[in-house]
Amino acid sequence: YRGVKNPVLIVAKGNDGVMPSISDGAKIYSGNVPGFDGQYVVEITDPDVKSVTISVGEVSTQFRVLNLPTPTIKIGEYWSGNEIPKSVFTNSTQLDAVIDDVNFPFKDVEYTVTQYSYMTEANGITSSHVVNGNKLTEELLKDIKKKRSGDKIMFIGIKVSTPAGPRNAPGYTAKLK
């Protein structure tokens with residue numbers, strides 16, 4: 001995976017003590033990643049590399065390089081598409097970017113929302129307000145307080161910081177309870 005330290009366990013018969021090498025676009029070194037087996041660590045250094053080859057002596061194996069999972073947005077414990085009580089906005093005053101992939105092995109990877117747009121509607125006119133950071137602004141919270149049960153809230157253009165660099169997240173839409 002790009003942006004994380006990948007644990008690697010290498011067993012190459014007849015090559016005990018031989019330091020493995022890796023193709024361009026990555027580095028390999030002795031070490032371990034807490035919580036994983038492995039005596040080596042691989043880090044991807046080229047953001048465009050699609051695969052890397054690890055070699056030990058005459059044996060080589062190619063590995064596909066994967067991107068980190070797409071961030072998913074939550075407000076409190078509520079996912080996009082959920083009905084969300086207005087009271088949530090008194091306790092949860094930010095957009096959280098999380099990994100919603102049960103098969104992703106790295107549980108300590110953190111994402112942070114760096115920018116989003118909040119869609120508002122007044123008198124039949126829709127407009128968006130760009131916000132830098134992950135906090136819900138006072139203006140936005142005031143707008144949500146005016147809304148009624150059944151009204152929708154929508155966040156679009158969500159930008160997220162990840163260990164592998166900036167990413168775009170899917171929008172967030174919810175209906176107020």
Side-chain angles (χ1 to χ4, degrees), residues 1-82 92-119 128-136 154-174:
Y1 285 97
R2 282 178 226 290
V4 295
K5 294 179 178 183
N6 297 276
V8 178
L9 176 62
I10 297 175
V11 178
K13 192 172 187 173
N15 288 298
D16 293 344
V18 175
M19 181 64 182
S21 62
I22 196 162
S23 56
D24 290 342
K27 63 182 180 180
I28 188 167
Y29 53 91
S30 294
N32 58 39
V33 177
F36 294 93
D37 291 334
Q39 76 266 40
Y40 299 102
V41 176
V42 171
E43 291 184 64
I44 305 305
T45 57
D46 180 345
D48 298 321
V49 72
K50 304 286 186 234
S51 66
V52 295
T53 301
I54 297 176
S55 302
V56 180
E58 300 296 316
V59 179
S60 295
T61 304
Q62 186 176 36
F63 296 90
R64 197 173 77 187
V65 175
L66 301 173
N67 290 322
L68 294 174
T70 300
T72 302
I73 303 301
K74 288 176 73 174
I75 297 176
E77 294 301 315
Y78 294 89
W79 304 97
S80 182
N82 289 159
S92 300
T93 58
Q94 68 184 34
L95 296 179
D96 293 314
V98 298
I99 297 173
D100 185 31
D101 181 345
V102 295
N103 296 316
F104 184 66
F106 302 98
K107 303 304 178 202
D108 60 346
V109 173
E110 293 185 10
Y111 293 168
T112 304
V113 172
T114 58
Q115 186 180 67
Y116 64 90
S117 292
Y118 174 66
M119 302 297 294
S128 66
H129 305 279
V130 177
V131 176
N132 289 314
N134 64 346
K135 300 293 183 204
L136 304 178
M154 186 176 352
F155 301 91
I156 62 169
I158 303 170
K159 298 186 185 317
V160 176
S161 170
T162 77
R167 296 276 302 268
N168 293 324
Y172 182 98
T173 304

Task: Step-by-step side chain to side chain contact (heavy atoms under 4.5 Å, CB included) determination, Ile73 to Phe155 - done: CA-CA 10 Å; Ile73 303 301; Phe155 301 91; over 6 Å; no

TODO: Without swapping roles, check the side chain of Ser51 against the backbone of Arg64 for a donor-acceptor pair under 3.5 Å.
DONE: no

Open item on the list: With a 3.5 Å distance limit and no angle check, can you tell me whether Asn6 reaches the backbone of Val4 through a side-chain donor-acceptor pair?
Closed with: yes

Task: Side chain Tyr116, main chain Lys135, donor-acceptor under 3.5 Å - done: yes

Open item on the list: Please give me the minimum heavy-atom distance between Pro7 and Val33, naming the atom from each residue.
Closed with: N-CG2, 3.9 Å

Open item on the list: Measuring from atom CG of Asp100 to atom OG of Ser80, what distance do you get when rounded to the nearest 0.5 angstrom?
Closed with: 11.5 Å

Task: salt bridge (Lys or Arg N to Asp or Glu O under 4.0 Å) partners of Lys159, counting only residues at least two apart - done: none

Task: Student check: side-chain heavy atoms of Thr61 and Ile54 closer than 4.5 Å - done: no

- [ ] Provide the full list of ring-ring contact (aromatic ring centres under 6.0 Å, His included) pairs with a residue in residues 28-70, sequence neighbours left out, each pair given once.
- [x] Phe36-Phe106

Open item on the list: To the nearest 0.5 Å, what is the distance between CG on Leu136 and OG1 on Thr93?
Closed with: 6.0 Å

Open item on the list: As an exercise, state the distance from CD1 of Ile75 to CG of Leu95, rounded to the nearest 0.5 Å.
Closed with: 5.0 Å

Open item on the list: Just verifying a value: how many Å separate Arg167 CZ and Thr114 OG1, rounded to the nearest 0.5 Å?
Closed with: 12.5 Å

Task: Nearest non-hydrogen partners of Val52 and Ala26, listed with the distance - done: CG1-CB, 3.7 Å

Task: Gap separating the CD1 atom of Ile10 from the CE atom of Met19, nearest 0.5 angstrom - done: 8.0 Å

Task: Over all atoms of both residues, closest heavy-atom pair of Thr70 and Pro170 - done: CG2-CD, 3.8 Å

Task: side chain to side chain contact (heavy atoms under 4.5 Å, CB included) between Ile28 and Val42, intermediate numbers included - done: CA-CA 5 Å; Ile28 188 167; Val42 171; 3.9 Å; yes

TODO: Quick one: closest heavy-atom pair of Val160 and Ala97, and the distance?
DONE: CG1-CB, 3.9 Å

Open item on the list: How close do Pro71 and Ala169 get, counting heavy atoms only, and between which atoms?
Closed with: O-CB, 3.9 Å

Open item on the list: Tyr111 vs Thr72, test: side chain to side chain contact (heavy atoms under 4.5 Å, CB included). Steps then yes/no.
Closed with: CA-CA 9 Å; Tyr111 293 168; Thr72 302; over 6 Å; no

TODO: Evaluate the criterion side chain to side chain contact (heavy atoms under 4.5 Å, CB included) for residue pair Ile156 and Met119; output intermediate values, then yes/no.
DONE: CA-CA 7 Å; Ile156 62 169; Met119 302 297 294; 3.4 Å; yes

- [ ] Would you indicate whether the side-chain heavy atoms of Gln39 and Asn32 approach each other to under 4.5 Å?
- [x] no

Open item on the list: Which heavy atom of Ser60 sits nearest to which heavy atom of Ser55, and what is that distance?
Closed with: OG-OG, 2.7 Å

TODO: Report yes if the side chains of Glu77 and Ser92 come closer than 4.5 Å at any heavy-atom pair, otherwise no.
DONE: no

TODO: Keeping the roles fixed (side chain from Arg2, backbone from Pro47), state whether a donor-acceptor pair exists under 3.5 Å.
DONE: yes

Task: Val130 backbone acceptor or donor facing Gln115 side chain under 3.5 Å - done: no

TODO: Spell out, as yes or no, whether a donor-acceptor pair under 3.5 Å connects the side chain of Lys27 to the backbone of Asp24.
DONE: no

Open item on the list: Please check: side-chain N/O of Thr173 versus main-chain N/O of Gly81, any donor-acceptor pairing under 3.5 Å?
Closed with: no

